[in-house]
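For this chain, numbers begin at 1 and follow the sequence in order. These figures come from a predicted structure and were not determined experimentally.
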Amino acid sequence: MGEVDTAFIQDPEHMPNLSPIQVEGMPIIDLSPITNHTVSDPSAIESLVKDIGSACKEWGFFQVTNHGVPLSVRQRIEEASRLFFAQSLEEKRKYIRDEISPTGYHDRPHQKPLGLGRHTDAGALTVLAQDEVVGGLEVKRKADQEWVGVKPTPNTYIINVGDIIQVILSGVVYGAGLEQYGAYESVEHRVIVNSEKERFSIPFFFHPAHYTVVKPLEELTNEKNPPKYRPYKWGKFIVRRRAGNFQKLNVENIQISHYKIA
Ligand SMILES: O=C(O)CCC(=O)C(=O)O
Ligand SMILES: [Fe+2]
């Protein structure tokens with residue numbers, strides 16, 4: 001590996017612990033009440049909605065089973081990505097990520113063991129097919145702010161709240177006794193890689209159109225509960241975020257905290 005751009009080198013307190021605690025505590029949510037059309041039990045849907053709400057508030061992350069995505073589809077995507085990445089660098093660079101094709105190939109320099117520095121996802125939410133063998137995703141657990149590894153669960157997808165949901169739902173007021181759940185927050189996460197095994201992961205980002213203005217839901221704000229964020233243009237935000245290419249969270253790169261109303 002060549003020289004690593006110092007912008008990617010983390011401060012010591014953000015360097016990953018090489019053997020993080022592996023947790024299974026992240027909620028696993030069964031989506032069969034919405035994917036199994038033979039069951040039409042409104043109370044099952046109601047409790048599903050509640051469970052998703054609690055998972056979003058307590059973890060900002062959850063995993064889904066019975067999601068209705070055929071395993072064969074996932075396997076075909078995984079196979080196609082293995083074939084793509086096995087090609088020569090020259091071939092891959094034909095599909096390089098740039099301003100015109102922001103989802104293209106990105107041969108990002110990284111300093112092992114950190115595959116992807118700590119960050120929050122900028123979009124509304126992310127659906128992730130994590131590598132089922134290698135794992136490597138770590139989440140900053142809201143309960144104690146510890147970094148915990150997310151143990152891969154076969155044929156599940158990991159879903160996490162992104163910055164847009166944090167802003168839109170920032171006006172949610174909790175009833176007495178419910179404060180411990182905290183708010184809908186876009187939780188920090190990062191990825192560690194190991195030098196022996198390749199790691200494949202397939203994130204799908206829910207992003208709005210570039211002209212979208214992101215702002216707290218007006219129905220949730222009023223004089224007593226004023227908006228906590230200034231409106232921002234999604235297109236500008238994501239273009240600036242991409243220019244920073246997941247560098248350190250606390251420097252250079254644009255964050256929703258910059259739009260926070262003190
Ligand atoms: O590879 C992973 O497990 C997560 C990737 C991720 O966090 C991202 O692309 O935003
Ligand atoms: Fe992410």
Please check this pair: side chain of Thr120 against backbone of Val187, looking for a donor-acceptor N/O pair closer than 3.5 Å.
no
Positive for side-chain contact (heavy atoms from CB on, under 4.5 Å) with Pro208, one of Ile164, Ile238, Val213:
Ile164
For the pair His67 (side chain) and Thr35 (backbone), establish whether a donor and an acceptor sit closer than 3.5 Å, ignoring hydrogens and angles.
no
To the nearest 0.5 Å, what is the distance between OG (Ser47) and CG (Asp41)?
8.0 Å
Taking side chain to side chain donor-acceptor pair (under 3.5 Å) as the definition, give me every residue that meets it alongside His207, ordered by chain and number, with sequence neighbours left out.
none
CD1-OG1 distance between Ile29 and Thr65, expressed to the nearest 0.5 angstrom
9.0 Å
With a 4.0 Å cut-off, would you call Glu58 and Lys142 a salt bridge?
no
Carboxylate-amine/guanidinium contact Glu78 Arg82, below 4.0 Å
no
Check whether more than 12 heavy atoms from other residues, nucleotides or ligands sit under 6.0 Å from atom OH of Tyr95, and answer yes or no.
no
Under 4.0 Å between a side-chain nitrogen and a carboxylate oxygen: does that hold for Arg141 and Glu146?
no
Going by atom types alone, do Asn160 and Asp121 pair a side-chain donor with an acceptor below 3.5 Å?
yes
Looking at Thr153, Leu128, Val127, which hits side-chain contact (heavy atoms from CB on, under 4.5 Å) with Ile158?
Leu128
Do Val148 and Val134 sit in one hydrophobic cluster, given that two such residues count as connected whenever their side-chain heavy atoms are within less than 4.5 Å of each other, even indirectly?
no
Looking at Arg118, His119, Lys140, which one forms a side-chain hydrogen bond (donor to acceptor under 3.5 Å, both in side chains) with His189?
His119
Residues 223-235 vs side chain to side chain donor-acceptor pair (under 3.5 Å), sequence neighbours excluded, gives Gln166-Tyr229
